[in-house]
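See structure below.
So you know, we letter chains A, B, ... as the sequences are listed, proteins then strands, and number each from 1.
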2 protein chains.
Amino acid sequence: MNILEKISQDMLEFSKSEKKVAEVILANPQVAIHSSIASLAKMSNVSEPTVNRFCRRLDTKGYPDFKLHLAQSLANGTPYVNRHVDEFDSPAEYTNKIFESTMASLEVARQSVDVAMVNRVVDLLTQARKISFFGLGASASVAHDAVNKFFRFNVPVVHFEDILMQRMSCMNSTEGDVVICISHTGRTKSLVEVANIARENDATVVGITSPDSPLSKACNYVLTLSVPEDTDLYMPMASRIAQLTLIDVLATGFTLRRGNKFRENLKRVKDTLRGSRFNRPENS
Amino acid sequence: MNILEKISQDMLEFSKSEKKVAEVILANPQVAIHSSIASLAKMSNVSEPTVNRFCRRLDTKGYPDFKLHLAQSLANGTPYVNRHVDEFDSPAEYTNKIFESTMASLEVARQSVDVAMVNRVVDLLTQARKISFFGLGASASVAHDAVNKFFRFNVPVVHFEDILMQRMSCMNSTEGDVVICISHTGRTKSLVEVANIARENDATVVGITSPDSPLSKACNYVLTLSVPEDTDLYMPMASRIAQLTLIDVLATGFTLRRGNKFRENLKRVKDTLRGSRFNRPENS
DNA sequence: ATTTCGTTTGTAATTTTATTACATTTATTG
DNA sequence: CAATAAATGTAATAAAATTACAAACGAAAT
């Protein structure tokens, strides 16, 4: 496992001085690998043995071994740690931090996905009479995006942003219909109600949400996503991206299930767009 | 450069004893990185200074530095590569592949972002009288999402999916208005027309698109994103995610520029949502 | 507030590891 | 077969990391 991730993950378990060390390393891991234990201790305002203990806490043999691990993590070109943006960041800094923490979140999300459940939901979707995607707020655009994918499959796809329309649509659902409810927190009342209405009308309800949430309890099937959301800025960011990627996974599973001939259909949909585009100089 | 390759490449320049060292390392690099200079010397039947000289010949500072380089070379299992989904992938396989290639694309996207331009666009946005987000197809949901972010800033934000509405909206734009046009290919005719209309009416047009596209030429400012899109399945995936992340960057830049007090506003917007939610057992 | 215990942290000694300076050997060329 | 340059090794030195132990700190109990 990437030791940088491990550091930020174990941050809570560290003692005060160990945290100092952790911060210095996370702030500038490239410098850390080229420092001796003495200079790293000085940079962190901590004694040398503390640095050593810090290394051992991370299950390395000692400082040199730790450096090796660190070097390897950095070599991956992936210091994808969820680094928080702060007030004094330059544009370059916050840009990189956001990209990196998005990648870090995706990695976490990937590990939290229940593949068996993905498979089951893909099953459901391929057999669905009608598929609905509902989300509110930030998740509305995820639902929107899902429609954009699934309509290509030539399956009836439904999507409303309006709560009343969502409710009415669910009222009319029947067995064989699949309703996908998207919510990061899973605590949006109206969406839980929508899920309940759908179930009362025999639709199969699938939630894309966090585990143990009210929404997850209202669903027949739940695709859980545990994403560390940086709530400092009060805007949903990583959760959304993870949801979208999961939608991609479902869409891909769908096309794979339908087989080769089906994929030729997709190409046709794409080719239809050509008329609306400026052609490339060469090739498409 | 990968130091293992460098070793085998420089093999001819090595002296007899150095060759011994090189061979031992190449034969089992994993062992080498966990050995001290003494044990490596013994393994190679060579003295310690010879090992040291060997390291220096490879342009490293000494043995420990050499080990760092070696460790990095070994770490390169090249993690997030854009691995293409194929027909016979199991759910676990395609799930992982999609997550990983999404991360890989984000990494590429990150490197392609022009930070100075980000800064300029943030400038523009903070001074805008009105901000419009337009996109079609898959980019429509990105625009949708952008609205969800920027409306929190208490700035007039506009978004239409309908082409005619987009055109009309641009007709009414004036100096001080910022129009953001989102398109992966930058070849969607209607969107280029929308951009032109906006410019004719003195709005500032910003494109989030690929370089050298017709759309990029129609804009005052262009935020280019070069994302390797897996076109096998004929669905926009990575491009979208990169666009969304860039929107996050812009939104973050915006809040940072506006300063601390402003961020308290954001918290208020978020708190307003609380009434519509099921509360958490503890805490918010 | 004060004592006590457990934890955390630092100081100083020790050990390990790497590097340097120099001597010896080995090859190379006239 | 010298003479010289290059390569290698030995031993001393320096640097770095680790250990053992003592001081400081903080939480719980009196």
Side-chain angles (χ1 to χ4, degrees), chain A residues 3 6-74, chain B residues 3 6-74:
Chain A
I3 201 144
K6 194 168 159 63
I7 293 173
S8 42
Q9 194 184 305
D10 293 5
M11 192 60 98
L12 297 173
E13 297 174 25
F14 292 146
S15 73
K16 203 163 16 137
S17 311
E18 283 168 348
K19 277 202 190 85
K20 289 190 208 167
V21 181
E23 271 156 26
V24 170
I25 292 170
L26 288 179
N28 211 336
Q30 289 291 351
V31 169
I33 56 171
H34 292 112
S35 310
S36 70
I37 195 168
S39 50
L40 185 56
K42 195 171 278 176
M43 282 191 266
S44 326
N45 280 313
V46 153
S47 74
E48 299 179 23
T50 300
V51 176
N52 193 274
R53 284 187 278 261
F54 169 83
C55 298
R56 299 234 166 111
R57 192 168 292 257
L58 292 160
D59 301 315
T60 63
K61 287 185 192 169
Y63 184 68
D65 189 40
F66 167 79
K67 282 214 290 193
L68 245 46
H69 282 263
L70 188 58
Q72 297 203 316
S73 303
L74 291 175
Chain B
I3 201 142
K6 194 170 159 64
I7 293 173
S8 38
Q9 192 184 307
D10 292 5
M11 192 60 98
L12 297 172
E13 298 174 23
F14 293 147
S15 70
K16 203 168 14 154
S17 312
E18 283 169 346
K19 278 204 188 83
K20 289 191 209 163
V21 180
E23 271 156 26
V24 170
I25 291 170
L26 289 179
N28 211 338
Q30 290 291 352
V31 169
I33 57 171
H34 292 111
S35 310
S36 70
I37 194 168
S39 49
L40 185 58
K42 195 171 279 176
M43 282 190 268
S44 323
N45 282 312
V46 154
S47 75
E48 299 178 24
T50 300
V51 176
N52 193 277
R53 286 187 277 260
F54 169 83
C55 297
R56 298 234 167 112
R57 191 168 293 258
L58 291 158
D59 301 316
T60 63
K61 287 186 192 170
Y63 185 67
D65 189 41
F66 167 78
K67 282 214 290 194
L68 245 44
H69 283 265
L70 188 58
Q72 298 203 316
S73 304
L74 291 175

Select base, sugar-phosphate, or nothing to describe what B:Val51 touches, counting heavy atoms under 4.0 Å on all strands. nothing

So, taking the atom named [atom1] in [X] and the one named [atom2] in [Y], what distance separates them when rounded to the nearest 0.5 Å?
X	Y	atom1	atom2	result
A:His69	A:Lys6	NE2	NZ	10.0 Å
A:Leu58	A:Glu13	CG	CD	9.5 Å
A:Leu70	A:Tyr63	CG	OH	8.5 Å

Return the value, rounded to whole Å, for the distance between atom [atom1] of [X] and atom [atom2] of [N].
X	N	atom1	atom2	value
A:Lys42	C:dG10	NZ	C1'	15 Å
B:Asn45	D:dG9	CG	C1'	13 Å
A:Arg57	C:dT7	CZ	P	11 Å

Take nucleotides 12-24 of chain C nucleotide by nucleotide from the 5' end and write B, S or -, depending on whether a protein heavy atom sits under 4.0 Å from the base, only from the sugar-phosphate, or from neither. ------SBB----

Taking all heavy atoms of B:Val21 and all of B:Ser44, pick out the closest pair and write down the distance.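 For B:Val21 versus B:Ser44, the nearest heavy atoms are CA-OG, 3.8 Å.
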
Least distance between heavy atoms, B:Ile33 atom then A:Gln72 atom: CD1-NE2, 4.1 Å

Considering just the side-chain nitrogens and oxygens of B:Thr50, establish if one lies under 4.0 Å of OP1 or OP2 belonging to D:dG9.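 For D:dG9, OP1 or OP2 has a side-chain N or O of B:Thr50 closer than 4.0 Å.
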
Is it the case that over 12 heavy atoms from other parts of the model lie below 6.0 angstrom from the NZ atom of A:Lys42?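 No.
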
4.5 Å side-chain heavy-atom contact, A:Phe54 and A:Ile7: yes

Taking only heavy atoms on the protein side, list every residue of residues 17-27 of chain B lying under 4.0 Å from any atom of DNA chain C, sorted numerically.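 Per residue number, the list is empty: none.
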
Donor-acceptor check, side chain of A:Ser17 to backbone of A:Val46, threshold 3.5 angstrom: yes or no?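 Side chain of A:Ser17 to backbone of A:Val46, a donor-acceptor pair under 3.5 Å: no, none is there.
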
